[in-house]
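All remarks here apply to the structure that follows.
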Number of protein chains: 2
Amino acid sequence: MTKTVRRSEQGKGARTRERIIDAAVLLLDADGEAGLTFRTLAMRLETGHGAIQWHFSTKGDLIAAAADVVVGRALTGAAPGAGAGAREAIRAVALAVYDVIGAHPWVGDQLARPPWAGAMLKIFERLGRQVVALGVPAEARFTATSALLIHIVGAGRQEAINSHSLQARTDRQDFLDDLAAHWGQLDAGEYAFTRTMADQLRGHDDRAEFLAGVDLVLAGIEHLEHAAAGHVPRPSTHARR
Amino acid sequence: MTKTVRRSEQGKGARTRERIIDAAVLLLDADGEAGLTFRTLAMRLETGHGAIQWHFSTKGDLIAAAADVVVGRALTGAAPGAGAGAREAIRAVALAVYDVIGAHPWVGDQLARPPWAGAMLKIFERLGRQVVALGVPAEARFTATSALLIHIVGAGRQEAINSHSLQARTDRQDFLDDLAAHWGQLDAGEYAFTRTMADQLRGHDDRAEFLAGVDLVLAGIEHLEHAAAGHVPRPSTHARR
DNA sequence: ACCTGAACACCGTTCAAGT
DNA sequence: ACCTGAACACCGTTCAAGT
């Protein structure tokens with residue numbers, strides 16, 4: 001994983017590494033992971049693709065490094081306001097992650113990938129501290145923090161997908177209208193519920209919806225505070241794998 | 001999207017389509033999306049790769065179709081018990097989706113992808129009906145159902161990742177031990193919270209943890225029931241995009 | 001309607017060779 | 001330590017041609 005850091009962080013090497021990452025981010029933003037190619041990247045940087053591969057031996061390594069940089073910047077930008085409460089701090093982190101995925105959709109895929117390291121761990125840490133500050137008891141902190149992380153990244157990815165599908169569309173509202181129209185025409189028997197959500201979908205505000213979801217999870221965490229002292233809900237009626 | 005269905009659902013064509021999907025699922029299960037290739041698939045089916053591409057003009061189409069089939073079966077298996085309550089029904093759907101992603105990790109990626117259609121819509125519908133049965137007021141149903149869906153798919157994907165990293169390991173506990181050891185050795189200043197979670201990580205049960213997360217979201221939904229009548233939380237202090 | 005197989009335009013990765 | 005560029009072993013997709 002960190003095998004790709006083969007030289008000291010000083011000197012020309014570090015600058016080259018940075019330049020590669022910056023160029024990679026541009027390509028990724030423009031055309032997603034398919035748009036990032038060692039060859040096109042080499043052309044942009046006026047060098048051979050072997051040079052890039054010396055710094056990042058694998059395409060996956062390069063994307064992971066790019067995501068770490070981009071998320072790192074976003075989190076730094078979302079420094080907790082001095083006197084802000086834990087809930088506000090969580091919302092700030094959530095919005096920062098949501099926005100960075102919206103701006104760089106490939107980051108969402110990367111965050112959801114293999115080793116919980118780098119960027120993902122940073123977000124986990126930031127959220128966890130606020131979960132502690134919220135007064136969540138020790139036994140419930142892992143579940144609470146995980147739930148927040150999953151929701152933030154999951155909702156962010158969903159939004160990234162929407163805005164990506166949207167990219168080709170003239171107007172955002174056209175997109176929602178079309179999708180809502182489709183929902184409204186679903187089979188009344190098979191999709192009875194989804195049909196009723198068509199209007200809700202048409203009028204919905206991504207960002208407000210996202211915050212409402214975060215608040216829902218926060219509400220659940222607060223409720224868990226009270227329930228945790230009691231029982232751990234783990235129905236034994238479900239088959240084990 | 002449905003452009004690939006170019007022939008009637010009867011006759012030899014349909015059977016060929018099924019055979020292709022079944023073979024594709026095997027390849028996907030074995031080596032993920034990279035393991036699925038028109039050429040290897042053609043070899044397995046003793047035909048030319050052009051034949052496959054006539055049924056599925058794109059690799060993405062094939063994967064999407066495979067995911068729809070696999071998820072469809074899983075949902076059918078998780079039919080709501082006759083007298084079961086809404087919460088139990090939601091847990092049953094959640095576990096079905098969780099398990100199907102665990103058994104077929106590539107399904108998790110597919111569910112999170114572009115158009116909310118096919119499998120994703122089916123899950124949304126199933127959850128939404130139970131959200132209604134739960135007594136959630138109309139204005140909160142979209143948010144509540146989305147939150148459930150995001151959490152289930154997000155947690156499922158995370159689990160799929162764990163079990164995939166695990167695949168190469170001899171023992172599941174070894175994997176958790178190593179990861180926990182890594183967390184325990186993180187920088188005390190930078191990762192103060194994460195370090196304290198090392199023990200929790202070591203002893204954690206994926207499935208129980210997942211259900212706890214679902215219960216957390218359910219708790220949030222119930223809390224929203226009471227709050228929804230009041231205000232819609234949308235702090236104006238946050239910058240708009 | 002359904003299948004074949006050649007051809008095209010790419011890929012990521014490896015690696016001997018240079019400086 | 002860092003870079004070059006050829007070579008390898010693949011890809012997905014297109015498409016004229018068959019049955």
Side-chain angles (χ1 to χ4, degrees), chain A residues 1-25 27-28 30-67 106 109-110 113-114, chain B residues 1-25 27-28 30-67 106 109-110 113-114:
Chain A
M1 245 298 120
T2 47
K3 188 189 73 183
T4 53
V5 181
R6 301 185 199 176
R7 19 85 279 155
S8 79
E9 288 293 334
Q10 355 277 5
K12 187 189 158 204
R15 248 188 346 247
T16 302
R17 218 181 130 84
E18 266 177 45
R19 282 184 59 230
I20 293 174
I21 290 179
D22 287 343
V25 168
L27 290 178
L28 287 164
D31 284 307
E33 299 196 5
L36 176 63
T37 279
F38 282 118
R39 283 167 175 84
T40 62
L41 195 53
M43 275 186 53
R44 292 281 180 103
L45 295 171
E46 292 177 323
T47 176
H49 66 261
I52 293 163
Q53 228 141 350
W54 188 88
H55 290 279
F56 302 93
S57 56
T58 258
K59 183 175 173 175
D61 286 348
L62 175 52
I63 298 177
W106 51 276
D109 295 323
Q110 187 53 38
R113 253 204 279 274
Chain B
M1 245 300 119
T2 48
K3 187 189 73 183
T4 53
V5 180
R6 303 184 200 177
R7 18 86 278 155
S8 79
E9 289 292 335
Q10 356 277 3
K12 188 190 156 201
R15 248 187 350 244
T16 303
R17 218 180 130 84
E18 267 176 42
R19 282 184 60 230
I20 292 174
I21 289 180
D22 287 342
V25 168
L27 289 179
L28 287 165
D31 283 308
E33 299 195 7
L36 176 64
T37 278
F38 282 118
R39 283 166 177 84
T40 63
L41 195 52
M43 276 185 52
R44 293 280 181 103
L45 295 172
E46 292 174 324
T47 177
H49 67 261
I52 293 163
Q53 227 140 352
W54 188 87
H55 290 279
F56 303 92
S57 56
T58 257
K59 183 175 174 177
D61 286 347
L62 176 52
I63 298 177
W106 50 276
D109 295 323
Q110 187 54 38
R113 252 204 280 271

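Lettering of chains follows the sequences in order, A, B, ..., and the numbering in each one begins at 1. What's counted below: heavy atoms across the whole structure, side chains too, no hydrogens, waters or symmetry copies.
Straight-line distance from the CE atom of M43(A) to the P atom of dC10(C): 11 Å, rounded to whole Å. What separates CD of Q53(A) from P of dT4(D) is a distance of 13 Å, to the nearest Å. Counting to the nearest Å, the P atom of dC2(C) and the NE2 atom of H49(B) are 19 Å from each other. Between K59(B) atom NZ and dC11(C) atom P there is a gap of 16 Å when expressed in whole angstrom units. Computed from coordinates, the L62(B) CG to dT13(D) P distance equals 10 Å when rounded to whole Å. Atom CG of D61(B) and atom P of dG12(D) are 13 Å apart (whole Å). Taking atom CZ on F38(B) and atom C1' on dC10(D), their separation rounds to 15 Å, with Å as the unit. Note: CZ (F56(A)) to P (dT13(C)) measures 13 Å, nearest angstrom.
Atom CG of L28(B) is separated from atom CG of L36(B) by 4.5 Å, given to the nearest 0.5 angstrom. Atoms CD1 and NE2, on I21(B) and H55(B) in that order, are 10.5 Å from each other to the nearest 0.5 Å. Note that NZ of K59(B) and OG1 of T37(B) are 5.5 Å apart. Values are rounded to the nearest 0.5 Å.
Among the atoms of the strands shown, none is found under 4.0 Å from any heavy atom of L41(A).
Distances shorter than 4.0 Å separate some side-chain N or O of H55(B) from OP1 or OP2 on dC3(C). Under 4.0 angstrom from either OP1 or OP2 of dG12(C) there lies no side-chain N or O belonging to T58(A). Distances shown here put a side-chain N or O of T37(B) below 4.0 Å from the OP1 or OP2 atom of dC11(D).
Distance from the side chain of A51(A) is smallest for dT4(D) among the nucleotides dT4(D), dT13(D), dG12(C). Here the side chain of R39(A) is nearest to one of dG12(D), dT14(C), dC11(C), namely dC11(C). Residue W54(A) has its side chain nearest to dC3(D) when only dG12(C), dC3(D), dC3(C) are considered. Which of dG12(C), dC11(D), dT4(D) sits closest to the side chain of T47(A) comes down to dT4(D).
One P atom belongs to dA17(C), the other to dC2(D), and the distance between them is 22 Å to the nearest Å.
Here dT14(D) sits opposite dA6(C) as a Watson-Crick or G-U wobble pair (both hydrogen-bonding atom distances under 3.5 Å).
Between F38(A) and T58(A), the shortest heavy-atom contact is CZ-C, 3.8 Å.
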(request) Apply side-chain contact (heavy atoms from CB on, under 4.5 Å) to D109(A) and I63(A), showing your working. (result) CA-CA 10 Å; D109(A) 295 323; I63(A) 298 177; over 6 Å; no
